Amino acid sequence: MDKQLQIYNTLTRKKELFKPLNPNHLGLYVCGPTVYGDGHLGHARPAITFDVVYRYFEHLGYKVRYVRNITDVGHLENDADEGEDKIAKKARLEELEPMEVVQYFTDRYHNNMDQLNVKKPSIEPRASGHIIEQIEMIKKIIDAGYGYISGGSVYFDVEKYNKDYNYGKLSGRKIEELIQNTRELAGQTEKKQSFDFALWKKASPEHIMRWPSPWSDGFPGWHLECSAMGCKYLGEEFDIHGGGLDLMFPHHESEIAQSTIANGKAPVRYWMHNNMITINGKKMGKSLGNFITLNEFFVGEHDALEQAYSPMTIRFFILQAHYRSTVDFSNEALQSAERGMKRLMTSISALKDIKASDSSEYNVNELKDKCYAAMNDDFNTPILIAHLFDGLKAINSAKESKIKLTKEDINTLSELYHTFIFDILGLVDESGNGNDNDELVDYLMNFIMDIRMNARTNKDWATSDKIRDELATKGIVLKDSKEGTSWSFE
RNA sequence: GGUCUCGUGGCCGAGCGGUCAGGCAGUGGUCUGCAAAACCAUCUACAGCGGUUCGAAUCCGCUCGAGACCUCCA
């Protein structure tokens with residue numbers, strides 16, 4: 001545990017020793033979802049990645065303020081209805097108030113996050129609740145000379161900014177390339193340059209999500225909310241900003257530009273980006289229409305799914321890959337994850353059954369050090385999990401009395417596994433492992449198993465097997481071992 | 001087209017200069033009235049071709065292949 005936490009910083013493209021701005025405090029901002037549809041597997045990735053970051057910092061004793069926004073003023077859509085607000089469009093189609101749609105999908109998102117055991121952020125601000133802050137920020141940018149008004153909208157002058165600063169310091173992009181490559185879109189004639197981005201957009205008459213501003217009735221630009229809310233709750237400069245790799249450009253690059261002008265300093269010390277989840281090698285996403293929603297995973301209702309996958313299977317599957325790598329979805333991989341996690345959980349619950357010895361044949365502290373080293377190396381959860389699986393061998397061998405562990409070893413192991421599996425990785429044992437808390441069920445099961453045990457003692461296999469088969473039809477599985485019979489729900 | 005990333009055993013996925021990744025599957029055992037499960041052990045790798053080095057999956061070059069971003073996107 002003496003090795004210090006290293007974080008890969010997208011700004012420098014290398015791992016850096018993490019140093020908080022304020023000792024023992026962490027400011028963490030992560031771009032949350034746009035609530036105009038159900039969350040899909042891709043949304044689970046940043047949520048779980050930064051949930052683990054959040055949990056690990058808390059475990060290390062930091063006081064963390066974790067801000068994850070809800071984008072509810074919409075973004076522009078690129079299909080037939082260019083310039084129309086996504087949320088407004090959905091609302092009109094379904095004849096609902098925009099905020100009704102927002103509420104509906106926000107609730108469903110929260111429900112998914114609870115299922116995945118993703119902790120609630122400290123603050124979950126909504127863009128629509130921070131229009132005033134965003135307008136104030138636009139004013140600052142205009143006053144500084146980096147924003148210009150055109151046709152009732154306000155745009156950020158990227159070219160001017162780039163002369164004084166560096167538009168591209170995060171993404172590695174160069175403005176000359178942008179000039180050549182940015183696609184011309186309808187309605188861009190208002191802008192000085194195609195790559196200038198909107199700070200405020202004037203609403204068209206049919207646009208129903210709108211707010212008054214000094215420039216027009218309209219809505220804030222796509223990148224502004226994160227800058228405004230990050231600044232409001234975490235300060236002009238804060239420690240970590242996270243999000244999906246696909247947000248790096250232009251979203252995060254533009255955040256840096258806006259905040260740098262409005263506040264006179266770069267907003268973020270460490271930028272962290274999680275990689276994408278792919279399906280058949282292609283990014284799973286809204287635009288490709290190849291996404292599978294989390295609810296579909298949980299019930300198994302999607303053509304691509306062979307079965308339902310529990311929230312913890314999804315969580316474990318994601319954590320088995322490093323957050324900066326792509327992970328490819330497949331039924332086979334998820335089933336592997338499901339089986340592996342089940343074995344992990346079974347062994348952890350077996351810890352309490354180990355008989356202590358006077359001497360020790362296993363170095364628990366070495367395992368502990370390795371676990372911390374893995375997490376300290378840019379949150380390397382796959383390595384952590386590998387070490388924890390290694391430790392399983394010791395646990396299981398001790399359970400079979402093949403190696404010796406002291407009382408202290410067992411306690412340390414128990415604490416270690418609970419800390420890393422449950423507290424830091426945020427996994428939950430879904431199996432129940434026979435310890436369901438319904439007293440009546442326990443009573444009945446013990447009663448039935450007692451009868452069956454008598455039958456078995458009398459070698460009355462017909463009765464014994466009938467009980468087992470009958471219970472199996474109700475999803476209750478009996479397992480006979482030399483210590484006796486245990487039961488669990490399938 | 002521009003910028004960048006990646007190609008690891010049957011599958012998934014770490015490692016990024018020298019020592020075991022790990023999981024799932026497979027195989028061989030143990031246990032068991034049978035079944036299921038569990039446990040132990042264990043075999044296959046580093047896209048191709050050159051180069052640097054005492055030594056390369058790991059560094060460099062080229063070739064082939066895949067993907068991401070450049071437009072909303074986690």
Side-chain angles (χ1 to χ4, degrees), chain A residues 13 30-34 36-37 39-50 71 74-79 82 86 168 171-174 176-185 194-195 222 242-251 253 273-278 281-288 291 316-317 320-322 324-344 346-347 350 374 377 380-390 392-393 395-397 399-400 402 456 459-461 464-465 468-469 472 477-482 486 488:
Chain A
R13 311 275 157 151
V30 174
C31 295
T34 304
Y36 65 103
H40 58 76
L41 189 59
H43 291 97
R45 178 91 117 134
I48 289 169
T49 296
F50 294 103
T71 297
H75 289 295
L76 295 174
E77 232 169 20
N78 71 338
D79 47 23
E82 272 174 17
K86 267 182 186 169
S171 59
R173 240 157 253 286
K174 293 189 174 54
E176 306 83 65
E177 292 158 7
L178 293 173
I179 292 170
Q180 295 168 10
N181 296 320
T182 306
R183 204 173 73 182
E184 288 297 325
L185 293 170
S194 57
F195 46 71
W222 327 307
L245 195 60
D246 51 349
L247 295 180
M248 186 164 74
F249 189 89
H251 184 58
E253 194 73 64
H273 291 95
N274 63 273
N275 215 318
M276 304 291 105
I277 286 178
T278 59
K282 289 244 191 336
K283 176 177 147 179
M284 183 182 282
K286 208 89 187 167
S287 55
L288 295 170
F291 62 93
F316 189 72
F317 170 69
Q320 264 193 315
H322 187 79
R324 283 191 285 114
S325 301
T326 55
V327 210
D328 197 55
F329 155 83
S330 71
N331 282 284
E332 208 178 352
L334 278 166
Q335 285 158 10
S336 297
E338 186 177 47
R339 293 194 187 114
M341 186 177 63
K342 192 179 169 199
R343 193 164 78 85
L344 185 64
T346 305
S347 294
D377 184 12
N380 199 328
T381 55
I383 292 288
L384 170 64
I385 290 169
H387 290 320
L388 292 170
F389 268 105
D390 275 338
L392 247 48
K393 290 195 176 90
I395 293 171
N396 292 326
S397 299
K399 192 188 159 208
E400 313 245 315
K402 285 175 180 161
R456 294 183 72 211
K459 297 194 190 302
D460 178 5
W461 309 126
S464 150
D465 289 353
R468 186 172 64 198
D469 294 345
V477 182
L478 299 186
K479 290 173 189 169
D480 298 321
S481 69
K482 54 178 180 280
S486 64
S488 60

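In what follows, chains are A, B, ... by sequence order, proteins preceding strands, each numbered from 1. Just so we're clear, the structure is a prediction, and the values are computed from it rather than from any experiment.
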field: Euclidean distance for P, B:G48 against B:C43 (whole angstrom)
entry: 22 Å
message: Of the listed nucleotides (B:C72, B:G22, B:C12), which one gets closest to any side-chain atom of A:P250?
response: B:C72
- request: For A:V30, report the nucleic acid contact type (base, sugar-phosphate, nothing); a contact means any heavy atom under 4.0 Å.
  value: nothing
- request: Answer with yes or no whether A:S464 presents, from its side chain, a donor or acceptor under 3.5 Å of a partner atom in the base of B:G33.
  value: yes
- request: Provide the distance between the two P atoms, one in B:C72 and one in B:A25, to the nearest whole Å.
  value: 44 Å
A:K459 vs B:G33: side-chain N/O to OP1/OP2 distance below 4.0 Å: no
message: Ignoring hydrogens and geometry beyond distance, is the side chain of A:R468 in donor-acceptor contact with the base of B:A35 at under 3.5 Å?
response: yes
B:G23 pyrimidine/purine six-ring stacking with A:F389, under 5.5 Å and 30°: no
message: B:C39, OP1 or OP2 - any side-chain N/O from A:N396 closer than 4.0 Å?
response: yes
- prompt: Taking a pair as Watson-Crick or G-U wobble with both distances under 3.5 Å, which nucleotide is matched to B:A41?
  reply: B:U27
query: Starting at CD of A:E176 and ending at P of B:G2, how long is that distance when rounded to a whole Å?
result: 15 Å
message: Taking donor-acceptor contacts at under 3.5 Å, does the side chain of A:R173 reach the base of B:C69?
response: yes
- request: Kindly say whether, by distance alone, the side chain of A:D465 makes a donor-acceptor pair under 3.5 Å with the base of B:G33?
  value: yes
message: Using a 4.0 Å heavy-atom cut-off, does A:S171 contact any base of the nucleic acid, only the sugar-phosphate backbone, or nothing at all?
response: nothing
field: Heavy-atom pair of closest approach, residues A:L245 and A:H273
entry: CD1-CB, 3.8 Å
